[in-house]
Enquirer: 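One structure coming up, written as structure tokens, with questions to follow.
Below, read A as the first sequence line, B as the second, and so on, with proteins coming before strands; counting in each chain starts at 1.
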Amino acid sequence: MTTYNDFLAKKGEKKWQEKWEDNKIYEVTEDKDKEKFLGLIEFPYPSGAGLHVGHPRPFTAMDVICRKKRMEGKNVLYPIGFDAFGLPTENFAIKTGRQPAEVTKENIENFTRQLKMLGYSFDWSRAVDTTDPKYFKWTQWIFLQFVKHGLAYKKNVPINWCLSCKIGLANEEIVNGACERCGGEVEKRNKAQWMLSITKYADKLLKGLDDVDFVERAKTQQRNWIGKSEGAELDFSIEGHEEKISVYTTRIDTVFSGTFIILAPEHPLVKKITLSEQKNEIDLYIKKASTKSDLERTELQKEKTAAFTGSYAINPATGDRMPIWIADFVLAHYGTGAVFADAHDERDFELAKIYNIPLKLSVRPKDDVLWGQVKNFEVCYPEKGILINSLQFDGLSSDEAMPKIIDWLAEKGVAKKQVNFRLRDWVFSRQRYWGEPIPLVWCDACNEWVAVPDEELPLELPKVEKYEPTDTGESPLAAMTDWVNTKCPKCGGAGKRETDTMPNWAGSSWYWLRYMDPHNDEAFASKEALNYWGQVDWYNGGMEHTVLHLLYSRFWNQFLHKIGEVPHSEPYKKRTSHGMILAEGGEKMSKSKGNVVNPDDMVAEFGADALRTYIMFMGPFDQDAEWNTKGLVGVKRFLDRIWNLKTVVCSEQACLFNEKVESELHKTIKKVTEDIEDLGFNTAIARMMEFVNFVQKNGITKDQYEILLKLLSPFAPHMTEDIWASLGYDTSITLESWPKYDEKFLVEDTITLAVQVNGKLRATIEVAADISEDDVKELALGHENVLKWVEGKDVKKVIYVKGRLVSVVV
RNA sequence: GCCGUGGUGGUGGAGUUGGUAGACACGAGGGACUUAAAAUCCCUUGGUAGAAAUACCGCGCGGGUUCAAAUCCCGCCCGCGGCACCA
């Protein structure tokens with residue numbers, strides 16, 4: 001008799017993987033007779049380090065779901081691919097002088113080997129690679145659609161610049177405000193960059209959330225990120241200048257207390273209105289601000305700093321002169337980059353105290369004690385309240401007053417209602433090599449950016465000698481003059497290619513569409529394929545992607561829908577997310593910490609099935625889980641026991657049918673079926689363990705064993721397949737149908753009830769399931785343990801919660 | 001700081017339309033088998049007291065609502081994810 005260990009030692013898992021591949025059982029076509037199911041995971045970035053034990057968590061979970069859906073008769077597409085452009089590969093190339101494309105190819109091969117080792121039911125014939133010109137041809141094509149529809153534009157945007165390395169840095173490459181490689185100083189520099197107008201889709205992206213089944217926190221995060229707010233835009237005239245300062249506010253009820261103005265250091269009017277005697281101070285302040293991140297600038301705890309421009313504005317509500325200051329906590333890209341400042345904002349309040357700027361009040365709290373402190377400027381009162389010092393608006397609540405004040409100021413021609421979004425347009429340029437080239441040519445004669453014609457796509461990356469960005473801030477492509485200098489596709493005159501590349505978000509913003517028809521040369525996918533596969537039925541991914549990637553890809557899909565290229569506005573019907581797998585000790589796994597657990601080692605020691613099942617058993621799927629190899633041992637024992645049951649059911653003295661076992665089995669079918677849908681993999685497995693424990697004492701028949709195997713097969717596909725074959729079947733267990741439970745085995749004859757006296761558990765009683773309320777109460781009150789607590793006291797109330805407990809109050 | 005999320009035995013966790021806290025697993029202790037070890041199987045295992053029955057305590061901390069709170073409300077503390085050029 002072969003043991004489970006023999007099976008593993010003889011590479012039994014690999015044998016089945018090869019058989020599945022030969023028989024193409026996971027490859028799918030657009031079968032119109034079957035209901036489709038498209039399960040999506042976030043495709044991995046193929047790093048040089050290979051797969052680590054965190055990757056298999058979402059992959060296995062979706063594999064379990066897809067295997068179950070397949071057994072339920074759906075036409076399941078479970079696709080895989082690689083999101084392979086990106087900084088780490090480029091930095092590796094810079095360090096070693098190797099070509100990023102070559103490194104990427106190796107990494108993808110390694111990832112592919114590892115993923116196949118884990119036995120996922122991917123349709124490998126549809127695998128995509130974002131760095132493949134056949135793929136990014138369409139990334140470029142979609143970008144050109146944005147250009148053609150006026151949703152791409154160039155704008156000066158600050159980039160991080162390392163003064164000593166003389167290259168632009170990603171935010172991640174800045175550690176504590178200094179360059180990660182050399183530790184040198186970093187400053188902000190302006191550079192013209194391609195932008196995508198995602199803000200034009202802000203409302204659509206917000207509304208679309210109402211129609212999809214995303215975990216609630218993902219919706220909340222997206223809504224907060226888009227950050228729609230309704231307020232007013234208000235103009236302030238400047239003494240001695242024609243220009244006006246436009247300010248956005250959601251608290252127009254505080255306009256009567258506005259005593260000063262604060263501009264972002266980058267505000268375009270700063271230079272113009274700064275008086276010469278203030279110039280040095282202002283210039284110094286701007287320089288300092290340019291080295292700080294938004295995070296540092298807006299941190300509430302840090303002491304506020306500011307500088308005075310020397311100019312004054314006029315408050316249109318009160319006529320007061322308002323000194324104009326600059327402060328770095330005001331961000332240029334939010335609202336209008338300017339605020340009116342008053343005593344009802346904590347940051348303004350604090351700043352006014354530091355610089356002795358006069359303050360006024362226009363809102364009072366209802367609480368008199370608090371008002372006493374507010375009145376004396378001891379504390380800031382930023383909440384809404386009742387208006388004071390506000391002319392005809394005195395006595396109104398903030399909410400009543402706001403629309404009235406806007407109307408009043410609008411009549412004066414200085415204010416209007418304004419909807420604002422926190423969402424900003426998307427900086428789409430990178431001064432890097434390893435990304436999709438932006439297929440645009442600048443033509444002096446035409447005086448515009450001209451799109452590379454569709455028939456010339458893909459515009460491939462030229463091979464370069466050096467992958468470092470140039471010290472002018474241009475991408476390495478700028479040094480390739482042969483490549484840069486080209487003909488204008490429109491007029492045929494001299495043109496220069498755009499040398500920036502796309503961010504690595506680009507390839508992942510539409511990849512699920514390519515899975516539907518990955519080899520199409522005529523379109524990113526055929527209409528037939530797009531219509532058949534439609535929306536992604538279930539998309540699972542990391543929490544770290546619930547804002548950016550999810551929003552960007554929804555944006556691309558909505559845009560493609562609007563221009564008639566895809567059938568649905570929303571790409572994903574359902575979105576769930578998983579927690580990270582942390583190293584032992586609760587730290588993040590990383591190469592630098594040397595705490596990475598490699599799945600290769602785990603599969604070699606325990607087998608893919610045990611690894612898969614353990615990863616699903618570790619803990620709640622949507623929460624972080626700490627790796628513990630010892631836990632794998634327990635799961636391996638569980639699989640061993642199931643393997644060994646084979647000898648029991650196949651022996652001469654096979655067990656007789658036992659109604660109790662059958663009842664436990666049907667409870668297990670119900671639990672596993674429901675838990676998989678709710679991502680409760682850990683409890684599904686725990687239930688199967690309970691069942692196996694039960695069976696060890698009470699026996700199991702061959703039919704019952706086969707059902708158990710089917711329930712386990714999504715988690716441990718190799719082992720169950722092998723047992724299935726040895727039971728005499730010559731077709732895959734994958735093609736069997738998912739077990740159904742029968743309600744009649746779920747009903748219990750007797751139930752156990754808890755009896756509480758004054759909220760404390762004092763006894764349990766065994767009663768018939770259909771017992772009447774009166775009988776229950778009588779039984780409960782008659783129980784000796786209950787009598788002990790009730791004797792000599794008044795029974796005030798007896799509560800019976802059906803099927804649960806009896807609560808006696810004395 | 002802002003947005004989101006979590007905190008339950010020695011450990012991972014189960015249990016949340018309020019209703020028997022600790023399922024399942026790891027670890028630990030004891031036993032069987034073995035010349036021995038490994039593997040396997042059986043028993044015990046939240047804390048304190050007790051031979052036991054049982055009692056008291058116990059879900060980050062402090063309050064509150066309720067016959068009843070891990071679950072609901074208020075106020076804190078701590079961890080994790082995101083914050084727009086990591087993917």
Enquirer: So, A:D678 side chain and A:G680 main chain: donor-acceptor pair closer than 3.5 Å or not?
Expert: no
Enquirer: For B:rU34, give its Watson-Crick or G-U wobble partner with both distances under 3.5 Å, or none.
Expert: none
Enquirer: Check every strand shown and say whether A:R422 touches a base, only sugar-phosphate, or nothing at a heavy-atom separation below 4.0 Å.
Expert: base
Enquirer: If you compare every side-chain N and O of A:K760 against the phosphate oxygens of B:rC57 (OP1, OP2), does one of them come in below 4.0 Å?
Expert: yes
Enquirer: Between A:Y45 and A:F85, is the ring centroid distance below 6.0 Å?
Expert: no
Enquirer: Give me the distance, rounded to whole Å, that separates B:rC41 from B:rC24 when you measure between the P atoms they each carry.
Expert: 15 Å
Enquirer: Do A:Y511 and A:F43 make the cut of ring centroids closer than 6.0 angstrom?
Expert: yes
Enquirer: Has A:R637 got a side-chain N or O lying under 4.0 Å from the OP1 or OP2 atom of B:rU40?
Expert: yes
Enquirer: Between B:rC67 and B:rC78, how far apart are the two C1' atoms, rounded to whole Å?
Expert: 34 Å
Enquirer: Between B:rC73 and B:rG18, how far is it from one C1' atom to the other, in whole Å?
Expert: 13 Å
Enquirer: With the side chain of A:A170 defined as its heavy atoms from C-beta on, choose the nearest nucleotide among B:rC24, B:rC86, B:rG81.
Expert: B:rC86
Enquirer: Grab the CE-P distance between A:M616 and B:rG13 for me, whole Å please.
Expert: 14 Å
Enquirer: Quick one: on RNA chain B, does A:E626 or A:N224 contact a more 5' nucleotide (nearest heavy atom)?
Expert: A:N224
Enquirer: How close or far is atom P of B:rG4 from atom CD of A:Q623, stated in whole angstroms?
Expert: 17 Å
Enquirer: Just call it for A:F638: base, sugar-phosphate, or nothing, with non-hydrogen atoms closer than 4.0 Å on any strand.
Expert: nothing
Enquirer: So, does A:R217 get its side chain near the phosphate of B:rU5, meaning an N or O under 4.0 Å from OP1 or OP2?
Expert: no
Enquirer: Looking only at atom C1', what distance separates B:rA14 and B:rG46, rounded to whole Å?
Expert: 15 Å
Enquirer: Any strand is fair game: report the nucleotide pairing with B:rG12 by Watson-Crick or G-U wobble, both distances under 3.5 Å, or none.
Expert: B:rC24
Enquirer: Does B:rU20 have OP1 or OP2 sitting under 4.0 Å from an N or O in the side chain of A:R804?
Expert: yes
Enquirer: Please tell me if A:N171 has a side-chain N or O lying less than 4.0 Å from either OP1 or OP2 of B:rC86.
Expert: no
Enquirer: Round to a whole Å and report the spacing from CG of A:N693 to C1' of B:rC41.
Expert: 12 Å
Enquirer: What does B:rC56 pair with, Watson-Crick or G-U, if both distances are under 3.5 Å?
Expert: B:rG47
Enquirer: If the P atom of B:rC61 is compared with that of B:rU11, how far apart are they to the nearest Å?
Expert: 15 Å
Enquirer: For a quick check of understanding: with a heavy-atom distance under 4.0 Å over all strands, which category does A:Q193 fall into, base, sugar-phosphate or nothing?
Expert: base
Enquirer: Taking the ring centre of each residue, are A:Y614 and A:W627 less than 6.0 Å apart?
Expert: yes
Enquirer: Please state how far atom CG in A:D425 lies from atom P in B:rC85, giving the value in whole angstrom units.
Expert: 12 Å
Enquirer: Write down the partner of B:rA39 under the Watson-Crick or G-U wobble criteria, each distance required to be under 3.5 Å.
Expert: none
Enquirer: What contact category does A:T220 fall into here, base, sugar-phosphate, or nothing, at under 4.0 angstrom with non-hydrogen atoms?
Expert: sugar-phosphate
Enquirer: Compute the ring centroids of A:Y467 and A:W434, then answer whether they are less than 6.0 Å apart.
Expert: no
Enquirer: Using a heavy-atom cut-off of under 4.0 Å over every strand shown, decide if A:T764 touches base, sugar-phosphate, or nothing.
Expert: base
Enquirer: In whole Å, I'd like the distance from the NE2 atom of A:H578 to the P atom of B:rG81.
Expert: 13 Å
Enquirer: Watson-Crick or G-U wobble partner for B:rC2, using a 3.5 Å limit on both distances?
Expert: B:rG82
Enquirer: Is A:P620 touching bases, backbone alone, or none of the nucleic acid, heavy atoms closer than 4.0 Å?
Expert: sugar-phosphate
Enquirer: When the ring centroid of A:Y153 is compared with that of A:W194, is the distance short of 6.0 Å?
Expert: no
Enquirer: Provide, to the nearest angstrom, the distance between the CG atom belonging to A:L761 and the P atom belonging to B:rA69.
Expert: 13 Å
Enquirer: Which of the following nucleotides, B:rA84, B:rC24, B:rG27, is nearest to the side chain of A:L423?
Expert: B:rA84
Enquirer: Specify the separation, in whole Å, of atom CZ of A:F621 and atom C1' of B:rC24.
Expert: 19 Å
Enquirer: Tell me what A:L753 touches on the nucleic acid: a base, only sugar-phosphate, or nothing, going by heavy atoms under 4.0 Å.
Expert: nothing
Enquirer: How long is the gap from OG1 on A:T199 to CG on A:D425, to the nearest 0.5 Å?
Expert: 3.5 Å
Enquirer: Under 4.0 angstrom, heavy atoms only, what part of the nucleic acid is A:Q221 near: base, sugar-phosphate, or nothing?
Expert: base
Enquirer: Does this structure show an ion pair linking A:E350 with A:R347, if we count only N-O contacts that are shorter than 4.0 Å?
Expert: no
Enquirer: Which part of the nucleic acid does A:L582 contact within heavy-atom distance under 4.0 Å: base, sugar-phosphate only, or nothing?
Expert: nothing
Enquirer: Go through B:rA23, B:rG19, B:rG81 for me and flag the one nearest to the A:A686 side chain.
Expert: B:rA23
Enquirer: A:M688 near the nucleic acid: base, sugar-phosphate alone, or nothing, with a heavy-atom cut-off under 4.0 Å?
Expert: nothing
Enquirer: For A:M580 and A:N160, take the nucleotide of RNA chain B holding the closest heavy atom to each; which residue's nucleotide lies nearer the 5' end?
Expert: A:M580
Enquirer: So what does A:H545 touch, heavy atoms closer than 4.0 Å: a base, only the sugar-phosphate, or nothing?
Expert: base
Enquirer: How would you label the contact of A:E173 with the nucleic acid (heavy atoms, under 4.0 Å): base, sugar-phosphate, or nothing?
Expert: nothing
Enquirer: Please state whether the phosphate of B:rG13, meaning OP1 or OP2, lies under 4.0 angstrom from any side-chain nitrogen or oxygen of A:N628.
Expert: no
Enquirer: If pairing requires Watson-Crick or G-U wobble contacts with both distances under 3.5 Å, which nucleotide is the partner of B:rC61?
Expert: B:rG75
Enquirer: Nearest of B:rC24, B:rU20, B:rC80 to any side-chain atom of A:D624?
Expert: B:rC80
Enquirer: Consider the side chain of A:W505, meaning its heavy atoms from C-beta on, and name the nucleotide among B:rC67, B:rG12, B:rC85 that approaches it most closely.
Expert: B:rC85
Enquirer: Give me the distance, rounded to whole Å, that separates B:rG15 from B:rU20 when you measure between the P atoms they each carry.
Expert: 13 Å
Enquirer: Mind checking A:L87 for me? I need base, sugar-phosphate or nothing, with any heavy atom below 4.0 Å counting as a touch.
Expert: sugar-phosphate
Enquirer: Side-chain N or O of A:R762 less than 4.0 angstrom from OP1 or OP2 on B:rC67?
Expert: no
Enquirer: Using a cut-off of less than 4.0 Å, is there contact between a side-chain N or O of A:N682 and OP1 or OP2 of B:rA14?
Expert: yes
Enquirer: Have a look at A:S508 and say if it touches a base, only the backbone sugar-phosphate, or nothing, with a 4.0 Å heavy-atom cut-off.
Expert: nothing
Enquirer: Which whole number of Å gives the distance between the C1' atom of B:rA53 and that of B:rG27?
Expert: 31 Å
Enquirer: A:L805 CG to B:rU66 P: how many Å, rounded?
Expert: 19 Å
Enquirer: What I want to find out is whether A:E90 reaches A:R430 closely enough, with some N-O distance under 4.0 Å, to be called a salt bridge.
Expert: no
Enquirer: Which whole number of Å gives the distance between the P atom of B:rC59 and that of B:rA25?
Expert: 26 Å
Enquirer: Could you check A:L209 against A:R223 for side-chain contact (heavy atoms from CB on, under 4.5 Å), going step by step and ending with a plain yes or no?
Expert: CA-CA 8 Å; A:L209 291 172; A:R223 286 191 184 111; 3.7 Å; yes
Enquirer: Between B:rA55 and A:W789, is there an OP1 or OP2 to side-chain N/O distance shorter than 4.0 Å?
Expert: yes
Enquirer: Would you call B:rG9 syn or anti, using the 90° rule around 0?
Expert: syn
